[in-house]
Amino acid sequence: MNDRRVRVRFAPSPTGPLHVGGVRTALYNYLFAKKNGGDFLLRIEDTDQNRFVPGAEDYIIESLKWAGMQYDEGPDIGGPYGPYRQSERKEMYRQYADKLLESGNAYYAFDSPEELDEMRERMNKSGGNAFKYDQITREYLKNSLTLSADEVKTRLDAGEPYVIRIKMPRQEEVKLNDIIRGWVTVQSNQLDDKVLFKSDGMPTYHLANVVDDYLMKITHVIRGEEWLPSAPLHVLLYRYLGWEDVMPQFAHLPLILRPDGNGKLSKRDGDRLGFPVFPLNWTDPFIGEKASGYREAGYLPGAFINILAMLGWHPSDNKEMFTMDELIEAFSLERVSKSGARFDPEKAKWFNHQYIRNMNDEALAEEFMKSLTDKDIITSKDYVVKVCGLIKEKATFLDDFWKLGYFFFEKPKKYDEEVLKKKWDAAAPDFFMKVKTRIETLTDFSHENIQKTYEEVAAEAGVKPGQYLQLFRVLLVGESIGPGLWDTIELLGKNETIERLDAALEAVKAIPLV
């Protein structure tokens, strides 16, 4: 294994939107591949056609690309080991099912779904253990282990429906050395005879994923903890198919838990507590139900990735903020926890806030200009870059930029009357007229000169500079809070500042302040 090129795959089923847990699995695969100079594949596991959801595959692809995980091989870009949809690989699986039949490690089972349901119901009523098709019950059921060879042939020739099941060994220890969990040992008599090949001619997940991993030369299978119970079956399939020497190493990731730590994070938790559990918005094509996504909620892709990376993996130091390149450099499976990781929506917001604060003003401006264009606001990118520089410290989401800085693009339509009633006095109109007159004379309209001019007028009027500062802001932008006042005035420019002061002083006359 050590001399093989690292190849990993993310293999989701197109049965709905991609949960954040799935995105984290993709991320850990991606980071591991890139850290080790290997390949990251996307494979769509659509063997269960009954659960196929239109649009789900496109959603998966768009989610990975938005999050910055460009795969090296996949259904939309191809590659040397394609096709990368299991439904398009249908013809190649039967030969491996036949190989297992020939070696005696699998068998035909002719029991109908109705007969199996009847068996389950009978065992439930008797108060015994739940029904399993296993080493004991298979001896009493309708399969090629209990029927004669002639009867099996007759049934097959007649086209009778059947499935192919693995023949689990009796009283055997199946061992698996998991990179995260260490040695895992399971007694084979605890395992049932899983279906490997269905009556519709499609393999089940178990056979298809083992065959595909072998044919695609996958070296490491990094997947969610929910697949750990299936791992012993997969180990046996590698053995029975003669591929033990190239069996991939397994790593089963911990669950992402609800914010209270009780149970796996679900869509219902997000709906109840008001945060997304999917990367992008999703509309169910059958019932029209909508679910929110991190992209549309205003999260940056880098922040989203940083959030997920820290859910189960811990760096060697206390660092929390990583770029994708830094994550690749720092990542190792050995530092992934065995225990579940609690999702903290407030911490997620914190990550996004930190990313916005640290983001280049030009890049932020590109994002902000998209919403300005939607509002039919035309302005220069240089101006927007400067606005972003002033307001990004307070922004948690991209959507916050308009709420925090709309007054840079439109004049106030109303003024904070609470502040006006509290701060306005008889001397205020004359004070601000003098400020306006002085500002008109400035040739260097820098924030230092603006502040100096204001303070000079205050000194001449015999008032403390802070007495009218909050009023000054309200007259210019309509609100009492915002980015640094002098920087705001400098960015608005001399002409705009004068126009706004004129308009505000006129508007205040119509406001009953007493």
Side-chain angles (χ1 to χ4, degrees), residues 298 349 353 356-357 368 371-372 375 377 379 383-384 386-442 445-514:
K349 292 178 185 177
H353 174 59
I356 286 175
R357 284 182 61 196
F368 189 21
S371 65
L372 293 176
K375 298 177 190 299
I377 294 173
T379 188
Y383 182 73
V384 180
K386 291 173 183 175
V387 171
C388 289
L390 287 183
I391 63 178
K392 69 179 184 180
E393 290 290 325
K394 298 288 186 182
T396 298
F397 301 109
L398 291 174
D399 286 353
D400 293 340
F401 277 70
W402 177 252
K403 291 179 283 186
L404 291 168
Y406 70 92
F407 46 78
F408 284 108
F409 305 97
E410 56 182 35
K411 291 178 171 61
K413 296 181 175 65
K414 59 182 181 178
Y415 301 89
D416 188 328
E417 292 191 18
E418 189 176 326
V419 173
L420 288 172
K421 288 176 180 178
K422 185 177 179 181
K423 299 285 187 178
W424 196 261
D425 58 28
D430 183 56
F431 176 83
F432 285 111
M433 284 301 295
K434 286 178 180 175
V435 171
K436 183 182 82 108
T437 301
R438 284 295 174 84
I439 283 176
E440 286 175 328
T441 66
L442 289 179
F445 201 70
S446 64
H447 62 272
E448 295 92 348
N449 273 352
I450 298 163
Q451 182 177 358
K452 181 182 175 186
T453 300
Y454 173 86
E455 289 173 351
E456 287 173 353
V457 173
E460 293 167 8
V463 299
K464 292 180 179 179
Q467 181 172 331
Y468 290 127
L469 267 183
Q470 202 175 23
L471 274 177
F472 198 11
R473 184 189 295 278
V474 169
L475 295 178
L476 292 174
V477 303
E479 296 185 4
S480 60
I481 56 173
L485 178 59
W486 313 118
D487 291 323
T488 297
I489 296 171
E490 178 183 342
L491 187 50
L492 287 172
K494 183 162 73 171
N495 291 339
E496 181 70 13
T497 298
I498 291 166
E499 284 180 21
R500 289 190 180 200
L501 269 176
D502 278 336
L505 291 170
E506 193 61 34
V508 168
K509 293 177 184 177
I511 299 174
L513 298 178
V514 181

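Here the side chain of His353 pairs no donor or acceptor atom with the backbone of Phe397 at under 3.5 angstrom. No donor-acceptor pair under 3.5 Å is formed between the side chain of Lys349 and the backbone N or O of Thr396. The closest donor-acceptor contact from the side chain of Arg438 to the backbone of Ile450 lies at 3.5 Å or more, if one exists at all.
No option in Leu420, Val419, Asp425 other than Val419 meets the side-chain contact (heavy atoms from CB on, under 4.5 Å) test with Lys423.
The shortest side-chain heavy-atom distance between Leu485 and Tyr454 does not fall under the 4.5 Å cut-off. By the 4.5 Å heavy-atom criterion applied to side chains, Val477 and Arg500 are counted as neighbours. The shortest side-chain heavy-atom distance between Phe408 and Thr379 does not fall under the 4.5 Å cut-off. Side-chain contact between Trp424 and Ile511 is absent, with no heavy-atom pair separated by less than 4.5 Å. Here the side chains of Val387 and Phe401 are not in contact, with every heavy-atom distance at 4.5 Å or above. At least one side-chain heavy atom of Glu479 sits under 4.5 Å from a side-chain heavy atom of Tyr406.
Closest approach of Ser480 to Gln470, counting heavy atoms only: CB-NE2, 3.5 Å. Between Pro465 and Ala458, the shortest heavy-atom contact is CA-CB, 4.1 Å. The heavy-atom pair separating Pro483 from Phe407 by the smallest distance is CD-CZ, 3.9 Å. Of all heavy-atom pairs between Ala503 and Tyr415, the closest is C-OH, 4.1 Å. What you find for Gly478 and Pro412 is that their closest heavy atoms are N-CG, 3.8 Å. What you find for Phe445 and Gly493 is that their closest heavy atoms are CE2-C, 3.4 Å.
Glu393 and Arg357 are joined by a salt bridge, as a carboxylate oxygen and a charged side-chain nitrogen come within less than 4.0 angstrom of each other. Ion pairing of Glu460 with Lys434 is absent here, as no side-chain N (NZ or NE/NH1/NH2) approaches a carboxylate O to less than 4.0 Å. Ionic pairing of Lys422 and Glu418 is not present here: no N-O contact between side-chain nitrogen and carboxylate oxygen is shorter than 4.0 angstrom.
With rounding to the nearest 0.5 Å, the separation of CG in Leu475 from CG in Asp502 is 11.0 Å. Atom-to-atom distance recorded for Leu492:CG and Thr488:OG1 is 6.5 Å, nearest 0.5 angstrom. Between the NZ atom in Lys436 and the OG1 atom in Thr497 there is a gap of 12.0 Å [rounded to 0.5 Å]. For the atom pair Gln451 CD and Leu469 CG, the distance stands at 8.5 Å (nearest 0.5 Å). With rounding to the nearest 0.5 Å, the separation of CH2 in Trp402 from CD1 in Ile377 is 3.5 Å. The CD atom of Glu440 sits 9.5 Å away from the CG atom of Asn495 when rounded to the nearest 0.5 Å.
Summarising the local packing, NZ of Lys394 is surrounded by 12 or fewer heavy atoms from other residues, nucleotides or ligands at distances under 6.0 Å. Dense packing is recorded around CG of Leu442, with more than 12 heavy atoms of other residues, nucleotides or ligands lying under 6.0 Å away.
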Practice prompt. Go through the steps to decide whether Leu501 and Leu476 satisfy the test side chain to side chain contact (heavy atoms under 4.5 Å, CB included), and finish with yes or no.
Written response: CA-CA 6 Å; Leu501 269 176; Leu476 292 174; 3.9 Å; yes
Worksheet entry | Stepwise salt bridge (Lys or Arg N to Asp or Glu O under 4.0 Å) test for Lys452 and Glu448 | CA-CA 6 Å; Lys452 181 182 175 186; Glu448 295 92 348; over 6 Å; no
Fill in: Audit row: Val457, Phe432, side chain to side chain contact (heavy atoms under 4.5 Å, CB included) steps and yes/no
CA-CA 9 Å; Val457 173; Phe432 285 111; over 6 Å; no
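Taking the ring centroids of Phe368 and Phe409, they lie under the 6.0 Å cut-off.
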